[in-house]
Amino acid sequence: MSYSAFSAFEHIASGSLSQVYAASSQIPDCLIFDRETGRVVDIDPRFPPKDDAPRPGRPKLGVIPREVTLLPRHWDWLATQPGGASVALRKLVEDASRNPRARQRQLRDAAYRLATALVGNAPGYEEAMRALYAGQRDDFAAHIEAWPKDVRQVLEDMTAEAF
């Protein structure tokens, strides 16, 4: 995963979470963003992130149990699938997430979140976001041209594959 830290409009660092935290922890009002989602990462300074080296053995899959509400006919269909409902649902989610349009939407949403947090009241913001979601690369670039250089560069990098 990749992260970026900003203090106001100044780009402080990019890299792993531990690298970005180390570079930005002493800077007041610094925000760290997850570049995959565009969301701000909240870090408890008592437990700073560490780079975990790969360990031998089987990796943790990170399976999280949650409730799913479906109609009876959906449960009936899932019951007939090889491996059961969980395997069938995981396969459906994996197939949907590999769709290029889903990836494009994810990249656009991440750029939207980061832009909203940093320059949500900047001139041309609304026009830039409309161009982003309409897939108009040139219009997007034109609307963000007047924005602070560091913010513009990170957004251009984040949206390189979003058009």
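Keep in mind that what you see is a predicted model, and the values were worked out from it rather than measured.
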Trainee: Take a 6.0 Å sphere around CG of N99 and say whether it holds more than 12 heavy atoms from other residues, nucleotides or ligands.
Mentor: yes

Trainee: NE2 of H143 to CZ of R130: how many Å apart, nearest 0.5 Å?
Mentor: 8.0 Å

Trainee: Should the pair Y125 and W147 be assigned to parallel (<30°), tilted (30 to 60°) or perpendicular (>60°) ring geometry?
Mentor: parallel

Trainee: Under 6.0 Å from the CD atom of E127, do we count more than 12 heavy atoms belonging to anything else shown?
Mentor: yes

Trainee: When you measure from the side chain of Q81 to the backbone of W77, do you find a donor-acceptor pair of N or O atoms at a distance under 3.5 Å?
Mentor: yes

Trainee: Taking it one step at a time, do Y3 and Y21 satisfy ring pair (Phe, Tyr, Trp, His ring centres under 6.0 Å)?
Mentor: CA-CA 9 Å; Y3 299 86; Y21 180 75; over 10 Å; no

Trainee: Between R108 (side chain only) and L132 (backbone N and O only), is there a donor and an acceptor less than 3.5 Å apart?
Mentor: yes

Trainee: Any side-chain to backbone donor/acceptor pair from R113 onto T37? Under 3.5 Å, distance only.
Mentor: yes

Trainee: Would R98 and E94 satisfy salt bridge (Lys or Arg N to Asp or Glu O under 4.0 Å), going step by step from the backbone distance to the final call?
Mentor: CA-CA 6 Å; R98 288 190 180 114; E94 284 297 323; 3.4 Å; yes

Trainee: Answer yes or no: is there an ion pair linking R103 with E36, defined by an N-O contact shorter than 4.0 Å?
Mentor: yes

Trainee: Please examine the side chains of M158 and L107, heavy atoms only from C-beta on, and report whether any two atoms are closer than 4.5 Å.
Mentor: no

Trainee: Determine whether Q19 and S16 satisfy the following criterion, side chain to side chain donor-acceptor pair (under 3.5 Å), listing intermediate values before the conclusion.
Mentor: CA-CA 5 Å; Q19 292 169 332; S16 71; 3.3 Å; yes

Trainee: So does K91 pair up with D95, basic N to acidic O under 4.0 Å?
Mentor: no

Trainee: Are the side chain of D150 and the backbone N or O of H11 linked by a donor-acceptor pair below 3.5 Å?
Mentor: yes

Trainee: In Å, rounded to the nearest 0.5 Å, how long is the span from CD1 of I43 to OG of S25?
Mentor: 9.0 Å

Trainee: Would you give the length of the straight line joining atom CZ of F6 to atom CD1 of I32, rounded to the nearest 0.5 angstrom?
Mentor: 12.0 Å

Trainee: Calculate, to the nearest 0.5 Å, the distance between atoms CG and CD belonging to N121 and E126 respectively.
Mentor: 11.0 Å

Trainee: Distance-only, no hydrogens or angles: does the R35 side chain make a donor-acceptor pair with backbone N or O of S2 under 3.5 Å?
Mentor: no

